[in-house]
There are 2 protein chains.
Amino acid sequence: MTGGKIEDVILFQIEKTSKISKVYSQRDFDRLGLGITIEQWILLKIIEEFDQMSQKELAEKSLRDPASITRTLDLLSKKGLIERQAIENNRRQYNIKLTSTGKKFIVDNFGTVQAHRSKSVEGFTSEELKTLEGMLKRIQSNMS
Amino acid sequence: MTGGKIEDVILFQIEKTSKISKVYSQRDFDRLGLGITIEQWILLKIIEEFDQMSQKELAEKSLRDPASITRTLDLLSKKGLIERQAIENNRRQYNIKLTSTGKKFIVDNFGTVQAHRSKSVEGFTSEELKTLEGMLKRIQSNMS
DNA sequence: AATATATAATTGATATATCAATAATTATTT
DNA sequence: AAATAATTATTGATATATCAATTATATATT
């Protein structure tokens with residue numbers, strides 16, 4: 001056989017952790033009837049964090065392709081959670097903003113997401129968390 | 001604003017690490033003209049590791065949905081890298097196996113993948129790696 | 001100002017993701 | 001053995017992923 005077991009590859013474990021967490025959160029979203037995906041939540045949260053931004057910026061911050069952002073924003077727009085606002089003297093970009101419905105949606109459901117985040121690091125000291133974060137950033141740097 | 005910054009969420013950093021690494025590896029696959037995706041490589045590698053297995057087992061070990069496995073195996077089959085072998089007295093499952101082309105493909109390209117793995121953990125001591133693996137498994141356990 | 005270049009968003013093609021429903025087969029129960 | 005239940009793989013619907021090509025617009029160059 002060529003090479004060691006896939007389970008021993010750290011990148012595989014990272015991917016596994018990410019997948020398991022996403023499935024956990026998505027199931028809870030579905031159970032609670034939120035009507036959006038985890039990816040959609042992340043976009044909403046980034047828009048909220050920066051108040052308003054272009055799709056290009058949103059793609060960078062969310063680590064997603066601009067094409068993917070276009071399509072997800074179409075969905076979020078249909079759901080009434082965001083809007084593409086025209087920019088004066090710039091017809092090439094939009095300001096992406098939360099609607100009031102979108103803002104309320106985040107406020108109403110932030111507790112759920114916070115619970116997922118807390119659950120994921122249950123039993124970790126803040127020192128351990130710092131160590132983990134540092135290691136992840138080193139891997140990111142190695143692969144950049 | 002509701003909650004802290006998304007960049008401070010450890011699950012976001014885990015996801016980010018996973019995405020960056022996948023992009024890195026996929027670009028190298030494309031550059032070298034391997035003609036498959038990272039996901040396809042992982043399936044091939046798991047099949048090699050366990051010699052042969054059902055699609056159900058393959059789904060479990062790769063952490064993917066059976067539906068997704070069906071479709072990816074169709075592609076790998078078209079590329080001549082795997083085959084669905086009939087099982088005697090069991091017409092509900094197949095044994096998924098590498099073809100000789102598939103075996104050769106793995107041998108020929110394992111060095112490339114090994115280089116990616118090594119690069120990802122450049123600068124890590126084996127102790128650090130153990131710590132990281134342990135932390136990831138704790139998160140997996142928290143979210144299961 | 002006219003032309004060329006660069007940028008932002010979109011669209012098309014293809015792969016992957018999940019869930020739900022279905023089909024085919026196997027195992028269990030009565 | 002016949003009916004019921006459980007299992008495996010597939011298919012359909014929809015969301016997300018990338019890259020390449022396109023469109024529209026803005027910026028830079030001559």
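Values below: all heavy atoms of this structure, side chains included; hydrogens, waters and symmetry mates excluded.
Nearest-nucleotide assignment on DNA chain C puts the 5′-proximal partner with A:I96, out of A:I96 and B:K79.
Identified under the salt bridge (charged side-chain N to carboxylate O under 4.0 Å, His left out) test for residues 75-89 of chain A, with sequence neighbours left out: A:D74-A:R84.
Comment: A:K19 does not engage B:E15 in a salt bridge, judged by the lack of any side-chain N to carboxylate O separation of less than 4.0 angstrom. Between A:E127 and A:K130 there is no salt bridge, since no side-chain nitrogen of the basic residue lies less than 4.0 Å from a carboxylate oxygen of the acidic one. Salt-bridge check for A:E60 with A:K56: passed, with a basic side-chain N closer than 4.0 Å to an acidic carboxylate O.
If you take CG of A:D74 and P of C:dT11, they are 7 Å apart, rounded to a whole angstrom. Protein atom CG of A:L73 is 12 Å distant from nucleotide atom P of C:dT11, rounded to whole Å. Straight-line distance from the NZ atom of A:K78 to the P atom of D:dA15: 8 Å, rounded to whole Å. What separates CG of A:N90 from P of D:dT25 is a distance of 11 Å, to the nearest Å. In this entry the distance linking CD1 of B:I87 with C1' of C:dT26 reads 13 Å, nearest Å.
Listed by chain and number, the residues in a ring-ring contact (aromatic ring centres under 6.0 Å, His included) with B:Y24 are B:H116 (sequence neighbours excluded). Taking the salt bridge (Lys or Arg N to Asp or Glu O under 4.0 Å) definition, one finds that B:D30 meets it with nothing, sequence neighbours left out. Among residues two or more places apart in sequence or in another chain, the salt bridge (Lys or Arg N to Asp or Glu O under 4.0 Å) test is passed with B:R31 by B:D28.
In the region residues 46-61 of chain A, proximity to DNA chain C at under 4.0 angstrom, judged on heavy atoms, holds for A:S54, A:Q55, A:K56.
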Contact letters for nucleotides 16-24 of chain D, in which S counts primed atoms plus P, OP1 and OP2 and B counts the base, heavy atoms under 4.0 Å: SSBB----B

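Within the 4.0 angstrom heavy-atom criterion, only backbone atoms of the sugar-phosphate kind lie near B:N89; the bases stay farther away.
Rounding to the nearest 0.5 Å gives a distance of 12.0 Å between OG1 of B:T101 and CD1 of B:I106. If you take CG on A:L43 and CD on A:E39, they are separated by 8.0 Å, rounding to the nearest 0.5 Å.
The side chain of B:R84 contributes no N or O atom lying less than 4.0 Å from OP1 or OP2 of D:dT8.
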